[in-house]
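The next block holds one structure in the form of structure tokens; read it before the comments.
Residue indices begin at 1 and follow the sequence shown. For ligands, and for the atoms within them, numbers begin at 1 and follow the listed sequence. None of the values given here were measured: they were computed from a predicted structure.
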Amino acid sequence: MPTEPNVSQPGVEAAALDAEVIIIGAGVTGVYQLHLLREAGVDVRLVEAGTNVGGTWYWNRYPGARFDSESYSYGYFFSPELLAEWNWSEHFAGQAETEAYVNFVVDKLALRDLMQFGVRIRSAVFDETAATWKLTTEDGTQLRSRFVVAATGVLSAPYWPSIPGRERYQGQACHTGLWPKEPIDFEGKRVAVIGTGASAVQLIPEVAKTVGELVVYQRTPNWNSPLNNGPITDDEQAEIKATYDQIYESCMNSFAGFLHKASRKYAFEESKDERWELYEKLYRQKGFAKLISNYRDMMTNEEANADFSEFIAEKIRSRVNDPAVAEKLIPSDHGFGMRRPPMETFYFEAFNQPNVHLVDLNETPIVTITEAGIETSDGERTFDLIIWGTGFDGFTGALTRMDVVGESGRLLRDQWAGGVVTYLGAMAPGFPNFFIAGGPHVIAGNIPRATEIMVDYITGVLLHARDNALSYVAPDEDACAQWTAEVHEAATVALIAENSWFRGANIPGKPNEYLLYAGSLVNFRQRMAGMGEQGYPGITFGTPVKA
Ligand code: NAP
């Protein structure tokens, strides 16, 4: 049962607020949230740290950055006009096109006037007396709202490992997740890439095209497989436009929001020849087909997983000329899909170039970054540019790097230090009126499809509060505990590597726990769709605002 909310004076005059709702972040999720609330007549505004919209597609402008879910399964589906007017040029659009798309949507929907750019929120403090949030920006400006929606992204807090000497380096250095707007010319340069995750796997072949010398510093190889991108032909464009309804239904009735059809067969129901035939077919298919359209036990049965992993290993051996380099590029500590499998285009072929070298950090670890380059136990190499493809403090980082202070002075960062607790991934206990539209416990898969469900839900909760003149909205402790247990339970079904950023394993000191909800998008969607009719169970709605 809902408890009596801790609000002694239940509201402040609306005039004292900068907005009823402030959204943080103008990525794909924040833009959708802004649109829905504006359409519903809510007094809403959005603040964004960057100088324009796009979120991930604004910050990650490294060469090669692109979707690995099909473009037409990633964009917004809510407006037939937007769907009709936008033509994706490739099956997997690049960063520039996606950034242009988000700008197109924002302009088309006339949302820009409600946005403020170059505003990074440093702290958000809940005022228990007034049931409002006070946001303080990095330049000290204060904003006040009744509700906050953090659309701060799941991969938006770049991570630099604490390798000694980083500050000493005198050459150019950049992180894939904070790539400069001014393009970098690699022609003739000596370039280092640290890391071999999905970002570096996209970047490396692009750098290799013109670089003088490229050295890739790899700690853990991943199971990379071909993206199989290509331009969308006129016929395909017509087909996509004519079938958007089916594309949407197919994504929203799937496990993870992707287009690919799940297979019904178990791996060892078929002979090796039959399995290899399927694997060959999958290898030539687009994007995540290798994961989703594979045998249904590929992600639950160790042997089935090892079988497909061996097929991919053979492919790597066939594409890399030097057998010793090929072996280094084949993962040995996890199977395919147990960590996020990157999608590649000529990644392995880059290592056949005489000017591209692989350094295995397990054999020769980095000792220090020097003024001129990188020193491993094998000696120093000098570089004009060091690229840090070292990932993100995923899911929680964007929220915990702000000082988010809830009831009784509790800090979100401290609350989650021993493990994340949320209600449906949308709220955290002790942080009333604060919503998370895409953070920890988000559905694993195609992120816009997942956060769309979340934004629809948050919008429903906010409108319910408005329509009933309720100023205080908080998740119940029991509901949070129950949901969090469900998240952990769902994570036990699939094979998931210990050493994965999905578990926070890339960030020293972060608890090792699966940070996504693996209970399926279709189930989550159905559950969330019924919440409004049930009066939003698990949430306490508090005292009405006094007129
Ligand atoms: P990532 O997968 O976390 O990879 C980071 C890399 O840096 C890893 O290879 C890691 O090695 C390495 N690293 C970290 N600390 C290191 C250290 N101290 N010394 C040496 N190496 C170190 O990050 P990411 O590549 O940016 O990708 C993150 C996620 O972003 C992806 O998994 C994906 O979900 C998303 N993404 C999506 C797309 C897309 O949709 N198209 C594209 C790019 C990225 P270890 O593995 O040994 O830790």
Side-chain angles (χ1 to χ4, degrees), residues 28 55-57 59-71 73-74 90-95 97-98 153-166 175-179 192-204 206 215-224 227 229 256-258 286-288 291 329 331-334 337-345 347 358-362 364-369 374 376 386-395 397 442 444-448 450 497-508 510 515-516:
V28 176
T56 284
W57 306 104
W59 298 103
N60 289 262
R61 47 183 71 240
Y62 60 85
R66 62 177 61 254
F67 289 146
D68 43 25
S69 48
E70 282 73 1
S71 309
S73 73
Y74 187 99
E90 291 179 282
H91 288 277
F92 301 92
Q95 173 273 330
E97 185 170 346
T98 309
V154 291
L155 291 163
S156 50
Y159 169 63
W160 280 270
S162 55
I163 296 174
R166 185 164 68 85
H175 192 290
T176 51
L178 280 177
W179 199 265
V193 175
I194 303 177
T196 50
S199 302
V201 164
Q202 291 185 328
L203 169 95
I204 285 164
E206 293 300 314
V215 183
V216 176
Y217 291 85
Q218 170 186 275
R219 194 166 62 180
T220 314
N222 283 303
W223 289 105
N224 311 310
L227 179 63
N229 190 21
F258 296 112
K286 293 187 175 26
F288 284 119
L291 194 62
L329 289 167
S332 56
D333 67 337
H334 67 283
M338 294 190 198
R339 305 203 322 164
R340 192 332 189 140
M343 297 289 144
E344 50 87 24
T345 306
Y347 175 71
L358 182 67
V359 172
D360 182 347
L361 294 176
N362 301 300
T364 53
I366 297 177
V367 177
T368 184
I369 307 294
I374 299 175
T376 65
I386 298 179
I387 299 172
W388 295 76
T390 45
F392 302 88
D393 183 356
F395 306 108
V442 70
N446 187 356
I447 288 292
E498 284 295 311
N499 172 23
S500 165
W501 64 265
F502 281 9
R503 288 185 179 279
N506 61 330
I507 305 298
K510 201 164 166 173
L515 287 163
L516 296 125

ring-ring contact (aromatic ring centres under 6.0 Å, His included) partners for Y62, two or more places apart = none
task = For Y217, check ring-ring contact (aromatic ring centres under 6.0 Å, His included) against everything at least two apart and list the hits.
result = none
ask   = Relative to each other, are the rings of F395 and W501 parallel, tilted or perpendicular (30° and 60° limits)?
value = parallel
Salt-bridge criterion met for K286 and D68 (N-O under 4.0 Å) = no
key: D393/K510 salt bridge by N-O under 4.0 Å criterion   = yes
Contact residues of ligand 1 (heavy atom under 4.0 Å), by chain and number =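 Under the 4.0 Å cut-off, ligand 1 touches Y62, R66, F67, D68, L155, P161, I163, I194, G195, T196, G197, A198, S199, Q202, R219, T220, R339, R340, L361, G389, T390, G391, F392, W501.
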message = Restricting to side chain to side chain donor-acceptor pair (under 3.5 Å), what partner residues turn up for R66, sequence neighbours left out?
response =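 Counting only residues at least two positions away or on another chain, R66 forms a side chain to side chain donor-acceptor pair (under 3.5 Å) with E90.
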